[in-house]
Student: 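Below is the structure I would like to discuss, written out as structure tokens.
Quick note on labels: first sequence line is chain A, next is B, and so on, each numbered from 1. Given the structure is predicted, the values throughout are model-derived calculations rather than measurements. Because only heavy atoms are used, hydrogens play no part in the values below, and waters and symmetry mates are left out as well, while side chains stay in.
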Number of protein chains: 2
Amino acid sequence: MTTLPDRPDAELLRLDQQICFSLNAASRAFGGVYRVLLKDLGLTYPQYLVMLVLWEQGELPVKRIGEHLRLDSGTLSPLLKRLEAAGLVRRERSPEDERSVTVSLTEDGAALRERAGQVPRRLLTATGLPVDDLAELRALLDRVTVALDAAVPDLTEG
Amino acid sequence: MTTLPDRPDAELLRLDQQICFSLNAASRAFGGVYRVLLKDLGLTYPQYLVMLVLWEQGELPVKRIGEHLRLDSGTLSPLLKRLEAAGLVRRERSPEDERSVTVSLTEDGAALRERAGQVPRRLLTATGLPVDDLAELRALLDRVTVALDAAVPDLTEG
DNA sequence: CGCAATTAAGTTGCGCACAACTCAATGGCG
DNA sequence: CGCCATTGAGTTGTGCGCAACTTAATTGCG
């Protein structure tokens, strides 16, 4: 067990602040850099994430996209509509299951992949961290995410 | 210099995905836990951050709150209005500088601090990480944030 | 002094995240 | 078979984040 050491509440409060402050700040700093990098692609950061999934997977029902990105239809439906309006994706009811909507890339959407090719390298450079540190950061974030997700049900009931 | 090693674009693209995916996921996972923990305080997570600043600093102009949290008036003005409507803060034009609005805690706002006392410990427990790892996570996040902020101007022009 | 530049707060508009809901299609069980 | 619970997508409403803008007060410089 990784129980919390005995520390005064004041210290915990300070640490808590630093963590939530830091995560918030980092998240928004990433957003700011992505906003600049994606500007001439005409994509927002969440739209870019959806495009990444589609570039890798080819075509997917909305449900699957949501599972990859932890987003529900309330977020994805309007976002996909905007991507469709921009001519980057198609949305079609699945013939096998009329409840499902399959999202696929248009020619323009697939072509955008080339223009987005520089984004990852520029982003990694902008972080200023060596690749090893980034890998460690990712590992810590993933561990926290798993633990937090597992904790929510307990907190909701208990 | 921490230059990027020579790696194929495909690998960079994958790493990039993992980092942005991970940060996004972690950020929203934190948000989910905070939402549960703050529910009976009647606060959202950003509102909680503002209250933390006020509990620590006593009273501040909107500008200073924004500097602590990296938020502008476009975000803070409506948020502070909601806190005022909830009876937690007061907003008053500063007599010395009529442009500035001083935000201070009401009695209810100050009293809420006690009820929020359990939040940090419960959150730290929910992360499932020992305090040392959290400190390291925070350090990595802060380094990334500084680097990303510094990179934005270059990206915007160059 | 007087006027232009700057500063603080607020407003507007857009997109995202999420809860709560509707609606239609599907699946399962008596 | 028929009915009801479940599932997938979409809609509505609220709040946050940010860019671009407005307004009013202040500063500073000729």
Student: For a 4.5 angstrom cut-off between non-hydrogen side-chain atoms, does V33(A) reach L123(A)?
Tutor: yes
Student: In residues 83-103 of chain B, what residues come within less than 4.0 Å of DNA chain D, judged by heavy atoms?
Tutor: E96(B), D97(B), E98(B), R99(B)
Student: What is the distance, rounded to the nearest whole Å, between atom CZ of R64(A) and atom C1' of dA9(D)?
Tutor: 14 Å
Student: What is the distance, to the nearest angstrom, from the CZ atom on R35(B) to the P atom on dA17(C)?
Tutor: 12 Å
Student: Strictly below 4.0 Å: does K81(B) bring a side-chain N or O up to OP1 or OP2 of dT11(C)?
Tutor: yes
Student: CD of E98(A): more than 12 outside heavy atoms within 6.0 angstrom?
Tutor: yes
Student: Tell me every residue that passes salt bridge (Lys or Arg N to Asp or Glu O under 4.0 Å) with R28(B), counting only those two or more places apart in sequence or in another chain.
Tutor: none
Student: How many angstroms lie between atom NZ of K63(B) and atom CG of L71(B), to the nearest 0.5 angstrom?
Tutor: 13.0 Å
Student: With distance as the sole criterion, do the side chain of S73(B) and the base of dG10(C) form a donor-acceptor contact below 3.5 Å?
Tutor: yes
Student: Distance-only check: which donor-acceptor pairs under 3.5 Å involve side-chain atoms of residues 49-61 of chain A, not counting sequence neighbours?
Tutor:
residue: W55(A); atom: NE1; partner: G109(A); partner atom: O; Å: 3.0
residue: E56(A); atom: OE1; partner: Q17(B); partner atom: NE2; Å: 3.2

Student: Can you tell me the distance, in whole Å, between the CD1 atom of I65(B) and the P atom of dG17(D)?
Tutor: 14 Å
Student: Using the side-chain heavy atoms of K63(B), tell me which of these nucleotides is nearest: dA9(C), dC18(D), dG8(D).
Tutor: dA9(C)
Student: Using whole Å, report how far CG of D72(B) lies from C1' of dA8(C).
Tutor: 12 Å
Student: Below 4.0 angstrom, which residues in residues 53-62 of chain A have at least one non-hydrogen atom near DNA chain D?
Tutor: P61(A), V62(A)
Student: Roughly how many Å is it from CG in L69(A) to C1' in dC18(C), rounded to a whole number?
Tutor: 15 Å
Student: A quick test of your reading: do over 12 heavy atoms of other residues, nucleotides or ligands sit less than 6.0 Å from CD of E67(B)?
Tutor: yes
Student: For P78(A) and A29(A), find the nucleotide of DNA chain D closest to each by heavy atoms; which residue's nucleotide sits nearer the 5' end?
Tutor: P78(A)
Student: Taking DNA chain D as the partner, which of residues 37-52 of chain B come within under 4.0 angstrom of it by heavy atom?
Tutor: T44(B), P46(B), Q47(B)
Student: Take the protein atom CG of L79(B) and the nucleotide atom P of dA9(C), then report the distance between them rounded to whole Å.
Tutor: 14 Å
Student: Can you measure from CG (L88(A)) to CG (L105(A)) and round to the nearest 0.5 angstrom?
Tutor: 8.5 Å
Student: Does a side-chain heavy-atom distance below 4.5 Å link R143(B) with D133(A)?
Tutor: yes
Student: Name all pairs fulfilling the side chain to side chain donor-acceptor pair (under 3.5 Å) condition that reach into residues 29-41 of chain A, sequence neighbours left out, sorted by first residue then second.
Tutor: Y34(A)-D16(B)
Student: What nucleic acid atoms does L71(A) come within less than 4.0 Å of, heavy atoms only: base, sugar-phosphate, or nothing?
Tutor: sugar-phosphate
Student: Tell me: CG of L76(A) to P of dG15(C), nearest whole Å?
Tutor: 15 Å
Student: Search all heavy atoms of E92(B) against all heavy atoms of S104(B) and return the closest pair with its distance.
Tutor: OE1-OG, 4.2 Å
Student: Is there side-chain contact between L69(B) and I65(B), with at least one heavy-atom pair below 4.5 Å?
Tutor: yes
Student: Over all heavy atoms of both residues, which pair between V152(B) and G32(A) is shortest? Give the atoms and the distance, please.
Tutor: CG2-C, 4.5 Å
Student: In whole Å, what is the span from the CG atom of N24(B) to the C1' atom of dC18(C)?
Tutor: 14 Å
